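Numbers restart at 1 for each chain; the letters A, B, ... are given by sequence-line order, proteins then strands. Computed from a predicted model, the values in this text were never measured in an experiment. The basis for the numbers below is simple: all heavy atoms, side chains too, and nothing from hydrogens, waters or symmetry mates.
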Protein chains: 2
Amino acid sequence: MGKLTARAIAVRALEIGDAEGLDAVTIRRLATELGVTPMALYWHFKNKDQLLAGMADHLIAGFAPKPADQRPWQEQLRDLMVGLIRTLRTHPCARSVIEQVDVITVPNFLAVWNQALGVGREAGFNGDESCLISRYLLNSAIAIADAPAHHRAGREAASAVQAKLIGLQSVPPETYPHIVEMAVPLVEGPDPALYDTFGVDLVLAGIEALAGRRLGSSS
Amino acid sequence: MGKLTARAIAVRALEIGDAEGLDAVTIRRLATELGVTPMALYWHFKNKDQLLAGMADHLIAGFAPKPADQRPWQEQLRDLMVGLIRTLRTHPCARSVIEQVDVITVPNFLAVWNQALGVGREAGFNGDESCLISRYLLNSAIAIADAPAHHRAGREAASAVQAKLIGLQSVPPETYPHIVEMAVPLVEGPDPALYDTFGVDLVLAGIEALAGRRLGSSS
DNA sequence: ACCTGAACACCGTTCAAGT
DNA sequence: ACCTGAACACCGTTCAAGT
């Protein structure tokens, strides 16, 4: 039914990626699922990298950061971070997609990027620093959003977890005491609720501290 | 000459990956470069994932964090972070390798992990939080180490940079003012020196701030 | 404009066999 | 123990051709 359009292709690719991992997203596989010849996709995307960019674009499309308002930059930054994390979490393959794409070339990421830069400037950082902060924010958001692998794992992954656990616990405790002590939280992943609050707090606290130092030194 | 050993294979794989990107590291390519049949590699690594793990293992092998000493945890943490970044930087393909591998299964990463966990505990965080901090540290170290793409780029990448720059500058300035304003630092990447100090400061400041809050609330 | 068909140059991996 | 040979089931992509 639905026409074969770049958007439809990206949507289907994301479905496959979310369900079976990005490695399952293959031009040929995608084509057969769409009831079409592999070459048909090349009309809409000139190669696989463009398809990945399309996936990234659609991934982040739902996230439109509100325009800069008059609240303190700390609140705007927290909103941006939390929203970004929530959006990324709706797509399990988000991390792999973004890792393989140059986000700065993806149209729908420009809004996020622009907002992050603006907040950086408002916090008192210069241009170069704001660029670094933007990268750092996206990077951290991905890490936080991607963390709770142990929730959606279940099923056959449980045995893999078990194997890793045994591996970690059979390590020499005198040389790696903390590893064996924390083997369980290490392999099972963090409590998602904790990482959400703790992770965001961690990132924001760092930025706030450096912003404070800047103000302090310039006064 | 040199015997075909797991170590020799990993070393050669890293050389290829560093020089041409991880995509160029292929079982068949690796085999021919080693003057051997592709199947020979399967004796030493049961599959490609194991080879990647071997690469990661060798990557980090040179980095032996000194055992916990009596200095304040902030200094130990900075040492860990800086050392990690330096080690990662010696291998341009470090990021791609680590992204494809479960670091917790890589033997030589256990020392780094254990040290990070120890510092977290010493800073007053509980077990779960220390696990999160360890992940966060590695993640940030990779981001910082990987940032100066514009240094080693040169050559044919220069035109790609130019193309991206034009792309960014032709974006509507009224909706994305900060993007066009900072197009140059965005595409050229940060000044490496700045990211080294600024990035590490950012990460450490965040951890320190949260450690301080914890102490404050428990007193 | 949009899609098909056949072909090319690759992959990772298995399995049986050699020494 | 360590390696080879042949084969299988995949990839992404080009190029000419159809409608």
Side-chain angles (χ1 to χ4, degrees), chain A residues 1-58 93 96-102 105-106 156 160, chain B residues 1-58 93 96-102 105-106 156 160:
Chain A
M1 18 211 63
K3 275 199 61 186
L4 185 66
T5 158
R7 181 189 164 84
I9 297 173
V11 169
R12 199 96 178 84
L14 275 175
E15 288 175 8
I16 300 178
D18 287 337
E20 305 176 39
L22 192 56
D23 285 346
V25 178
T26 229
I27 299 276
R28 297 173 112 106
R29 159 88 183 269
L30 198 48
T32 46
E33 288 213 8
L34 291 164
V36 96
T37 237
M39 302 318 120
L41 306 190
Y42 281 84
W43 177 260
H44 303 277
F45 297 98
K46 80 177 257 278
N47 56 35
K48 197 176 179 183
D49 281 343
Q50 294 292 324
L51 170 61
L52 285 171
M55 292 173 72
D57 201 40
H58 186 259
C93 72
S96 345
V97 171
I98 294 175
E99 274 170 356
Q100 302 211 26
V101 158
D102 193 351
T105 65
V106 175
E156 78 292 22
Chain B
M1 17 211 68
K3 275 199 60 186
L4 185 66
T5 159
R7 182 188 163 82
I9 296 172
V11 169
R12 201 95 176 85
L14 275 175
E15 287 174 8
I16 299 177
D18 286 338
E20 304 177 38
L22 192 55
D23 285 346
V25 177
T26 226
I27 299 276
R28 298 171 111 107
R29 158 88 183 269
L30 198 48
T32 45
E33 287 215 7
L34 290 164
V36 97
T37 237
M39 304 315 123
L41 306 189
Y42 281 83
W43 177 258
H44 303 278
F45 297 98
K46 81 179 257 277
N47 55 35
K48 198 177 177 180
D49 281 343
Q50 294 293 325
L51 170 62
L52 286 171
M55 290 172 73
D57 202 42
H58 186 260
C93 72
S96 346
V97 171
I98 294 174
E99 273 170 358
Q100 303 212 25
V101 157
D102 192 351
T105 64
V106 175
E156 78 291 24

Interatomic distance where CZ belongs to A:F45 and P belongs to D:dG12 [whole Å]: 14 Å
Complementary nucleotide of C:dA1, counting Watson-Crick and G-U pairs under 3.5 Å: D:dT19
Regarding the side chain of A:Y42, the nearest nucleotide among C:dT4, D:dG12, D:dT4 is D:dG12
Calculate the interatomic distance between B:N47 atom CG and C:dT14 atom C1'; express it in whole Å. 13 Å
A:W43 side chain, from C-beta outward: closest of C:dC2, C:dG12, D:dT13: C:dC2
Could you work out which one of D:dT13, C:dG12, D:dA6 sits closest to the side chain of B:M39? D:dA6
Nearest heavy-atom approach of B:V25 to B:K48 is O-NZ, 3.0 Å
Contact check, side chains of A:L34 and A:L41, non-hydrogen atoms, under 4.5 Å: yes
Tell me if the CZ atom of A:R29 is crowded by more than 12 foreign heavy atoms within 6.0 Å. yes
A:D23 CG to D:dG12 P, in whole Å, measures 11 Å
Please give, in whole Å, the distance from C:dT4 C1' to A:L34 CG? 16 Å
Please give, in whole Å, the distance from D:dC10 C1' to B:R28 CZ? 11 Å
Hey, is the side chain of A:H44 poking within less than 4.0 Å of OP1 or OP2 on C:dC3, counting only N and O atoms? yes
To the nearest 0.5 Å, how far apart are CG in B:L52 and CG in B:N47? 9.0 Å
Between A:T26 and D:dG12, is there a contact of a side-chain N or O with OP1 or OP2 at under 4.0 Å? yes
Nearest-Å distance, CD (A:Q50) to P (D:dG12)? 15 Å
Which base, if any, makes a Watson-Crick or G-U wobble pair with D:dT14, both distances under 3.5 Å? C:dA6
Considering only C:dC11, D:dT4, D:dG12, which nucleotide approaches the side chain of B:V36 most closely? D:dT4
Return the minimal non-hydrogen interatomic distance between B:A13 and B:L51, and the atom names on each side. CB-CD1, 4.4 Å
Within this structure, what is the NZ-to-C1' distance between A:K48 and D:dT14, rounded to whole angstrom? 17 Å
Looking only at C:dC3, C:dC11, D:dC3, the nucleotide nearest the A:A40 side chain is C:dC3
Could you check A:K46 against A:R29 and say which one's nearest nucleotide on DNA chain D is further toward the 5' end? A:R29
Round to the nearest Å and state the distance from B:I27 atom CD1 to C:dT14 atom P. 11 Å
